[in-house]
Amino acid sequence: MAKEITPRSEDYSQWYLDIVQKARLADNSPVRGCMIIKPHGFAIWEHMRDALDIMFKETGHVNAYFPLFIPKSFLSKEAKHVDGFAQECAVVTHYRLKTIGDTPETRQVVVDPDAKLEEELIVRPTSETIIWNTYRDWIQSYRDLPILINQWANVVRWEMRTRPFLRTAEFLWQEGHTAHATADDAMEEARRMLDVYATFAEEFMAMPVIKGIKTENERFAGADETFCIEALMQDGKALQAGTSHFLGQNFAKAFDVTYLTKENQQEYVWATSWGVSTRLVGGLIMTHSDDDGLVLPPKLAPIQVVIVPIPKPSPALDEASNKIAAALRAKGIRVKVDNDDQNRPGFKFAEYEMIGVPVRLGLGMRDLDAGQVEVARRDTKTKESVPLENIDQYVADLLVEIQGALFERAKAYRDEHITKVDRWEDFEKVLEEKGGFVSAHWDGTTATEKEIKEKTKATIRCIPLDGVAEAGVCILTGKPSTQRVLFARAY
RNA sequence: CGGGGCGUAGCGCAGCCCGGUAGCGCACCUGCUUUGGGAGCAGGGGGUCCCAGGUUCGAAUCCUGGUGCCCCGACCA
């Protein structure tokens, strides 16, 4: 039929694009690299956002909003920061259009050359600069610290190559920006938020992650230390799913943000920033979905349970369906009763599998007469008949089970794809044939890291936080090393 | 920014080589029959053939120049 998805084994990249389109998550837009997030895709993001927002507030943060536009001069105040972002900034140069041409045929709208801005504005690629410019005015004393602010926003990075959710020119994210009196406080904050991200990824997305530290080469532009969570996709490529940065005093110095200590000394403020984006939706897709469509963990599924009357709605089936739905809703479950009488059950089954509804209840007179309902799991594609009595509790338990099963399945795959390697031939071979993370020794130099990338396309995803000290020699140079790092090809 | 591909109905495409009534499938609308894993039949509506110029009696088709998007690389969350 018209809804075929390219199998993963045939073309993983096309499979991903098919899922995005067929599960109605997003469309391409008229603007290159930008996507239209459709209701079903946006609902997933909303559930992510809501869960994260609660976690941020539980850790003491408040939300605020800073402007989309940043004076161009702000970006250049932190030298490394500008180096990192200058290449991909959208710039606003004018503030007015005008119409030229006297006839309908020749009429057109052009940029009014008289409306040139004195200082160009950049569309934020990230908000450190405008926020630290603001913090200068907000911070005088140690009593003003810490400042723990998050914002939900869109940002623009003019990427050369884009893919829906994974890398778009405009994306939605949250960015936390905190200010602290001491380096220890800031470092503790950066680590705390990394933990929040890891907890969210594993408990809500059912996506196992490895917490680690980025190498200097992979560090955020303007950070002293970048922490990250790294996930593994089904094609063996890694995905950076979130980052938390210890910014040191770099932005405080760039924007002259100081505070008076108890001892009446002027000190520069210490900073962190941390963010996750709509990229997580891409990670979610690639962690769980299959050749039949999207597979979603119940906690993030916009519809957790759908009730399909078989073969079509009828008064008796509607009454029974609504009764089940009411009982499920009373347990806080997001349930849809499919009232559509146009499409047949087979069509609906395929459709709900496509969009990733975790549990489907099929209810026909045959079931009703027997006092049971057909329960179908999206993750395992299994079906069974279950008594209608206490079906609400059964389904509630099943959703919990599915959430756990998805995580365990993803974790088993991930763990199977962390390969310890000590010889260069094996290193290349594992990357080429098996994929996944390769755990190997590295001599700690950027030069070696870059050479490995040139040879294999693999980068150091992170130095795992739970790594153990272990003497060894660098996989490429044979120089001494004290700890293994994780290499992978990445998105 | 390099390499490749494609712009024709909402979507997917054929037609182009060899110029002559704008086509097919899906979707959509109407009706009937169906209905426990993507229904069938009949009828119907919908077009700036990417844009501009050129050749021609006549251009979706040939020529020239633009332009947009997609995919693959290098660069990046």
Answer with base, sugar-phosphate or nothing: what part of the nucleic acid does F220(A) contact at a heavy-atom distance below 4.0 Å?
nothing

Check the phosphate of rG36(B) against R344(A), side-chain N and O only, distance under 4.0 Å to OP1 or OP2. Yes or no?
yes

If the plane angle is over 60° it's perpendicular, under 30° parallel, otherwise tilted; pick one for F204(A) and F200(A).
parallel

rG73(B) pairs with, by Watson-Crick or G-U criteria that keep both distances under 3.5 Å:
rC1(B)

rC63(B) versus rC16(B) - spacing of their P atoms, nearest Å
14 Å

Would you classify K457(A) as touching base, sugar-phosphate or nothing, given that sugar-phosphate means primed atoms plus P, OP1 and OP2, and contacts are heavy atoms under 4.0 Å?
sugar-phosphate

Counting only Watson-Crick or G-U wobble pairs whose two distances fall under 3.5 Å, which nucleotide matches rG47(B)?
none

Roughly how many Å apart are rC32(B) and rG23(B), using the P atom of each and rounding to a whole number?
30 Å

Step by step, would you call Q151(A) with S127(A) a side chain to side chain donor-acceptor pair (under 3.5 Å)?
CA-CA 9 Å; Q151(A) 82 166 349; S127(A) 301; 3.2 Å; yes

Give L17(A) one of three labels, base, sugar-phosphate or nothing, depending on what nucleic acid heavy atoms sit under 4.0 Å from its own.
sugar-phosphate

Between W274(A) and H61(A), does the ring centroid distance fall short of 6.0 Å?
yes

With sugar-phosphate meaning primed atoms plus P, OP1 and OP2, does Q240(A) contact a base, only sugar-phosphate, or nothing at under 4.0 Å between heavy atoms?
sugar-phosphate

Between rC76(B) (C1') and E170(A) (CD): distance, integer Å
17 Å

Which nucleotide sits closest to the side chain of E353(A): rG37(B), rC70(B), rG73(B)?
rG37(B)

Atom-to-atom span, CZ of F347(A) to P of rU34(B) - whole angstrom
22 Å

Using the side-chain heavy atoms of R161(A), tell me which of these nucleotides is nearest: rC72(B), rG37(B), rG38(B).
rC72(B)

Grab the CD-P distance between Q14(A) and rC70(B) for me, whole Å please.
13 Å

Is it the case that the ring center of F220(A) lies less than 6.0 angstrom away from the ring center of F85(A)?
yes

Residue matched to rG36(B) through Watson-Crick or wobble contacts both under 3.5 angstrom:
none

Near-ring test F251(A)/H81(A), centroid separation under 6.0 angstrom
yes

Expressed in angstrom and rounded to an integer, what is the separation of Y197(A) atom OH from rA77(B) atom C1'?
11 Å

Using a cut-off of less than 4.0 Å, is there contact between a side-chain N or O of K214(A) and OP1 or OP2 of rA77(B)?
no

Using whole Å, report how far CG of D341(A) lies from C1' of rU35(B).
11 Å

Is any side-chain N or O of K383(A) closer than 4.0 Å to OP1 or OP2 of rG37(B)?
no

Nearest-angstrom distance from the residue atom CZ of R489(A) to P of rC76(B)
17 Å

Does a salt bridge link K453(A) with E449(A), judged by any charged N lying under 4.0 Å from a carboxylate O?
no

Should rC41(B) form a Watson-Crick or G-U wobble pair with both distances under 3.5 Å, which nucleotide is its partner?
rG31(B)

Could you give the distance separating rA42(B) and rC51(B) at their C1' atoms, to the nearest angstrom?
41 Å

Reckon D367(A) touches a base, only the sugar-phosphate, or nothing at all at heavy-atom distances under 4.0 Å?
base

Quick test of your reading: applying salt bridge (Lys or Arg N to Asp or Glu O under 4.0 Å), list the pairs with at least one residue in residues 223-235 of chain A, sequence neighbours left out, ordered by first then second residue.
K214(A)-E230(A), R219(A)-E225(A), E230(A)-R461(A)

Could you tell me the separation between the CZ atom of R163(A) and the P atom of rA74(B), rounded to a whole number of Å?
13 Å

Scan every strand shown for a Watson-Crick or G-U wobble partner of rG68(B), both distances under 3.5 Å, and answer none if you come up empty.
rC6(B)

For rU55(B), give its Watson-Crick or G-U wobble partner with both distances under 3.5 Å, or none.
none

For rC24(B), which nucleotide in any strand shown is its Watson-Crick or wobble partner with both distances under 3.5 Å?
rG12(B)

If you look at every strand shown and take non-hydrogen atoms under 4.0 Å, does S314(A) touch a base, only sugar-phosphate, or nothing?
nothing

What is the distance, to the nearest angstrom, from the CG atom on N343(A) to the C1' atom on rG40(B)?
15 Å

Measuring to OP1 and OP2 of rC72(B), would you say a side-chain N or O of S13(A) lies under 4.0 angstrom away?
yes

